[in-house]
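Reviewing the structure listed below.
One is the number of the first residue; the rest follow in order along the sequence.
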Amino acid sequence: MGSSGKKDALVGGRRVVLAVNGVRHEAAGADLSMSLIEFLRTRTAVRGPKLGCAEGGCGACVVLISKYDPSTEEVNEFSASSCLTLLGSVNLCAVTTSEGIGNTKDGFHSVQQRLSGFHASQCGFCTPGMCMSIFSALVKTDKEAGRPAPPQGFSKLTASEAEKAISGNLCRCTGYRPIIDACKSFASDVDLEDLGLNSFWKKGTDRADVSKLPAYISGATCTFPEFLKSEIKSSINQMDNVPIEISDDDGWYHPRSIAELQVLLNSNWFDVKSVKIVASNTGSGVYKEQDLYDKYIDIKGIPELSVINRSSKGVEIGAAVSISKAIDVFLDGNLVFRKIADHLNMVATPFVRNMATVGGNIIMAQRLQFPSDIATVLLAAGSTVTVQVASKRLCFTLEDFLEQPPCDSRTLLLNIFVPDWDSDNVTFETCRASPRPFGNAVSYVNSAFLARVSEASSSGELLIEDIRLAFGAYGTKHAIKARNVEDFLRGKSVSASVMLEAIKLLKDAISPSVGTTHPEYRVSLAVSFMFSFLSSLASNLNESARTDRPNGSDTNGIMSGGAESSPVKHVKVDIDRLSIRSRQELVSTEEYKPVGKPIKKAGAELQASGEAVYVDDIPAPKGCLYGAFIYSTHPHARIKGIKFRSSLASQKVITVIDVKDIPSGGENIGSTFASLGEEALFADSVSEFAGQNIGIVIAETQKYAHMAAKQAVIEYSTENLEPPILTIEDAAQHNSYFHPPPFLAPKTVGDFSEGMYEADHKILSAEVKLDSQYYFYMEMQAALAIPDEDNCITVYSSAQMPETTQSVIARCLGIPFHNVRVITRRVGGGFGGKAMKAMHVASACAIAAFKLRCPVRMYLDRKTDMIMAGGRHPMKVKYSVGFKSDGRVTALHLDLGINAGISPDYSPVMPNAVIGSLKKYNWGALAFDIKVCKTNVSSKSAMRAPGEVQGSFIAETIIEHVASALSADTNTIRRKNLHDFESLKVFFGGSAGEASTYSLVTIFDKLALSPDYQLRAAIVDRFNSGSRWKKRGISCVPITYAVTLRPTPGRVSILNDGSIAVEVGGVEIGQGLWTKVKQMTAFVLGKLCPDGGEGLLDKVRVIQADSLSMIQGGWTAGSTTSETSCEAVRQSCAALVERLKPIKEDLEAKSGMVAWSSLIAQATMASVNLSAQAYWTPDPTTASYLNYGAAVSEVEVDVLTGATTILRSDLVYDCGQSLNPAVDLGQVEGAFVQGIGFFTNEEYTSNSDGLVINDGTWTYKIPTVDTIPKQLNVELYNSLRNQKHVLSSKASGEPPLLLASSVHCAMREAIRAARKEFSVCTGPANSPITFQMDVPATMVAVKELCGLDVVEKHLESLLAAKA
């Protein structure tokens, strides 16, 4: 496009020019439709941006994009999702990644150093994206001239803004608290003393001072290089004079006017199937591309689409104006405009809003039925739109435009006009209910209301002169105005009777379409929102003085005000916007230093800069091909054949690998676990579950492979096959079970019949269900297989079990194990999901590489990963329990069904795990009947605290039921049924240990019997008695968790220069394994050093797991890998110390104190073996031990919406003598927040065929910075020394997840208060205080339990009282 030379480079589509971290890149020959992240990761040395979702929903790929305006000489910087940004759209832009702000060579940026120092990086995969979100926020605020200059060392960012800086970034490891602290350390208004544990000062003893933090200097990082400014300036005239060309040379077109666009749209080659019109491409995060496109038309450069005109009549915004820019415009306006801006701030994420356009959002709403918040809000504000249809320009009200038939691809939205409403006598509110308060979640319902009121001269009542009521996202084609309700309300004053009639009319207007999830809930939300708004207009509802009238708006279904307002005065206090606070209590020890010290995680700065290498960061070998799975969508069917649609993507298929390509002598095996069973790698003639691998598409790039896999059409037949078994109920009906071996079966306790006979009260049958949970590791499954000589192969795998992966690959290929080398350097989050399922990906890569004799790489897309992962085991529980009048339980029987999926996987271990954690209480007699169900769904596997989290929750459900039956305080019943040491030994045998180690009762009493808890419980009661629409609950939950130590290898080698290389069988997955191993190495070898070993820390490097270098590596699982690896390293180091002691003593005798380097030099000359290996095997009598903890959580539930805010959580966890308190603290917080997701919000939903449909960030919601507790306090309880443990340490990775059930239990208390308030008696018990509350307790479930019709009940009660 254009002429040759520089003009061609600057304007022509093929040769996009951009600066990446200050270096010029010319994308000559590149496919301009590739994403920016693909370009960065495959055409440059950059690896910082990570692909976590390809939806703009996780933040792992965030970069800073800078644009230069030569007319003003201003640089505009903004964060953006590089996974959605197309290469063709960043011509003449500068891109800054995490490596660009700091790195090993040039020094790390203060953002990276502070994230590291605040212990805010665990697996590290999300950390570069976090860095860039924080850095972008700093750049933006520091450039705002209107802000006051900050104190030295700080930025202009406020603490509140700092918390929101990462509101769109996901982290599965840390629980966010330390990341927030790192963010807030830059805030000008922060009190540094409030920040949590860090490596810059010692909490409680040292003074917190900004001078101790890595220095922050505003503007120190150049975001737009001078050379690119010069190129832009020199090209201005050339670009203006170059006419648009219509050719097939590049496939990327840049019309600069509406007229030029019309030429393109009217071209004979324009076809909506092969041509894509883009402004920002963020819509592809919602509506995934199903095929490749041949041409792209970029309309962002059309000036008319970017206009912003303000006048006394209103604001006109061009369709291509970004949502972020629109927010800025609306913020500088009247009340209505500011409310619009506030609501738009809840749309998507900051880095998506910076790119996404207002017009694109509205077009998706009109054409694709996108549940747009923007359309709803602008509809209520009386907006109009201008549309170009062929040569005509048409103006519509937004309401009329939305009601038009879906516009075709040649229809262009030009602008949106929002009228200026006089603020006098005008009330405007917006509402949305979604799983996340700060946005990044589609609404269940959104609404916006505008009313003009006047005061009646006779009565003084407020009369509604005009009103606009808009609703969207409730299961409708588009946002609507409830005209029938508007007509009814005009001219009326609001009263209970008027609102009741308005609600009846609204229910006629709001009718979710067939297939909409939770239709009754959505209608109830619409009623709640309208009731809240109308309540603000009511001058006389004849209500009591209780603070019971809702008002205003907010996200997450929380009305503005958080705390409700009285009829007299509205006090605005929004609990969702309370600053996040925390406290950490821990003890570090000097006895084994540096073991026991809270040193920062090894390699944290590397992770923050993006230089840490994960599997997909390894440079692609020459000739590398890429694979993507083709999976079944049918749960049980014969596979008759695979065809590919005729499409551009299908032309990229090189070959398909399937079961027939397994070498002769090889096995069709995808995974195995401890000889308990195997799962096939590929379906062989019959698909056994939806999501099963059928084959692998091989293509030249990962993008082509993913897109080509979508073109596969599988022909099925179900003839002569039994119907699929999908549920626990189906399995029971067909007697479809796995039978765990007897040695894994849990043991009953006592005589159940006798225990029931002793009982004063009995609950003969009750039920609770727990659904599944997805791992949501940030790094998706990945592998790279490279064939080698002599039938050997090397596989780089993101795996928790490299050794087992090696054996599975070898069996697949039919070759000896020693021909297979599996290497795992680090894993970007595992949680059990990188155990079995990683083997499938590694084996598939290996088979393809083996056959094609070239390297093959696979990096699953998020959807495929979620469909195949399996996740946590769903369970169905029925229980019978007997108890005395004082609450002491005498007998418990469980009927437990566990949905295992198609293969045994980890499932045979589950019964023992469930019963193990259930036994935290003394049940008197305990009996059970457990069925491990074989079903036609993806195999469920081990997920952090597998079985234990369910068992612990089941125990709490039963205890709460007993308390409810006795109308007793739940904590009293809990305390009465905690074990003494004698009963603990009966239930747990040898795992109980010694009486001095049983700390649970002490921990529970420390929390539940404290004056602080009693005061808070009383405050909760007072709050509930004075609040109708918000209810609070508080609960204290104990946990017991058994872990088992496993044999583990370790090797320590001292090199000639004194540096130390350490190998362990475990894999670094974010749990701090390498950090603790380094500390142990320095501690033991430090006996040879004058400083005790602290100086050795920097000399130690833990190297990657290698299945041929370190055999018998076992599994990285079960929370004990760190301590067992440390013990193996301790033994190895001890052997080295014994070898080196004589040399040290000789040198000391000759010259006094001996330096480490001198000692090693002398040992080398003396031919001392400086490498030692140990294979530690634990004492069988003490290999299993118990972990204890307890948590208090306090929540507030919005009765109108079902939204829950966690006000505070206090955790006390017995960590023994922690090997590293900072690492263990991070494990406790991260596990707890992951547990919050399981208990409250994560819905891993499947369709009627068992195929996962909540398969991405749009539908699956893990906790975010806005859903964690507003105050999170953690104490690491140092129990007595236990020489039978590794330096008296205990596990920390999984047990704390169980503490999150305290949130669920607190929610139950709040719901109980609501049910009592409104006399809600739904459920089998027909009681307001006894009800079944399953897992997860989502907004929908909470609202249903509180009552879907509470508004109507309330209004009816007002009318009855008035009568």
Side-chain angles (χ1 to χ4, degrees), residues 116-119 121-122 124 197-199 202 586-607 826 1045 1048-1054 1058-1105 1116 1119-1137 1156 1172 1174 1176 1215-1228 1276 1278 1281 1285-1293:
S116 172
F118 276 96
H119 311 291
S121 182
Q122 291 187 21
L197 178 70
N198 62 78
S199 61
K202 188 174 181 180
L586 45 87
V587 177
S588 60
T589 175
E590 299 285 329
E591 183 177 358
Y592 306 117
K593 67 179 184 180
V595 172
K597 305 288 284 184
I599 68 171
K600 62 186 179 182
K601 184 179 184 294
E605 285 97 346
L606 283 179
Q607 293 174 178
R826 59 174 57 83
L1045 304 175
T1048 306
R1051 180 189 296 129
V1052 180
S1053 304
I1054 306 172
S1059 60
I1060 305 159
V1062 181
E1063 292 178 82
V1064 292
V1067 175
E1068 176 60 61
I1069 58 176
Q1071 83 282 44
L1073 167 66
W1074 287 1
T1075 310
K1076 290 181 177 179
V1077 164
K1078 287 182 67 171
Q1079 289 174 277
M1080 182 63 80
T1081 304
F1083 161 62
V1084 182
L1085 294 182
K1087 296 173 183 178
L1088 301 169
C1089 299
D1091 67 354
E1094 291 200 64
L1096 289 182
L1097 271 175
D1098 291 338
K1099 295 182 180 294
V1100 181
R1101 177 180 294 276
V1102 185
I1103 60 179
Q1104 61 197 15
T1116 300
S1119 300
T1120 58
T1121 305
S1122 292
E1123 58 189 291
T1124 57
S1125 294
C1126 280
E1127 181 59 20
V1129 166
R1130 189 192 66 79
Q1131 292 186 0
S1132 301
C1133 289
L1136 290 172
V1137 169
W1156 172 257
W1176 178 67
C1215 230
Q1217 304 293 310
S1218 173
L1219 298 176
N1220 183 319
V1223 167
D1224 288 334
L1225 174 70
Q1227 291 295 290
V1228 170
L1276 296 186
N1278 281 41
R1281 299 191 180 282
H1285 294 172
V1286 178
L1287 300 188
S1288 299
S1289 67
K1290 299 182 77 172
S1292 64

Can you give me every donor-acceptor pair (side chain of residues 1086-1098, partner residue at least two apart or in another chain, under 3.5 Å) with its distance?
from: D1091; atom 1: OD1; to: G1093; atom 2: N; distance (Å): 2.9
from: D1091; atom 1: OD2; to: G1095; atom 2: N; distance (Å): 2.9

Which distance, rounded to the nearest 0.5 Å, do you find between the [atom1] of [X] and the [atom2] of [Y]?
X	Y	atom1	atom2	answer
Q1217	T589	CD	OG1	6.5 Å
S121	K601	OG	NZ	6.0 Å
K1290	C1215	NZ	SG	9.0 Å
L197	H119	CG	NE2	4.0 Å
T1048	Q1131	OG1	CD	10.5 Å
C1133	I1060	SG	CD1	7.5 Å

Looking at every heavy atom in both [X] and [Y], which two are closest together, and how far apart are they?
X	Y	value
T1116	V1067	OG1-N, 2.7 Å
V1286	C1126	CG1-CB, 4.5 Å
S588	P598	CB-CD, 3.7 Å
G1050	S1132	O-OG, 3.1 Å
Y592	F1083	O-CD1, 3.2 Å
D1224	S1292	OD1-OG, 2.7 Å

Exercise. Would you say E1068's side chain and R826's backbone share a donor-acceptor pair under 3.5 angstrom?
Worked result: no
Does any non-hydrogen side-chain atom of [Y] lie less than 4.5 Å from one of [X]?
X	Y	value
L1073	S1125	yes
V1223	K1076	yes
M1080	V1062	no
V1137	L1085	yes
V1102	K1078	yes
V1052	V1129	yes

Problem set entry | Pair Q607, Q122: side-chain N/O donor-acceptor within cut-off below 3.5 Å | no
Problem set entry | Side chains of T1075 and N1220, donor plus acceptor under 3.5 Å | no
For this session: Any chance you could lay out the side-chain contact (heavy atoms from CB on, under 4.5 Å) test for L1219 and S1122, step after step, and finish with the verdict?
Result: CA-CA 9 Å; L1219 298 176; S1122 292; 5.5 Å; no
Seminar exercise, completed: Across all chains, not counting sequence neighbours, the side chain to side chain donor-acceptor pair (under 3.5 Å) partners of E605 are S116, K600
For this session: Take E590 and K597 through the test salt bridge (charged side-chain N to carboxylate O under 4.0 Å, His left out) and record every step on the way to the result.
Result: CA-CA 7 Å; E590 299 285 329; K597 305 288 284 184; 2.7 Å; yes
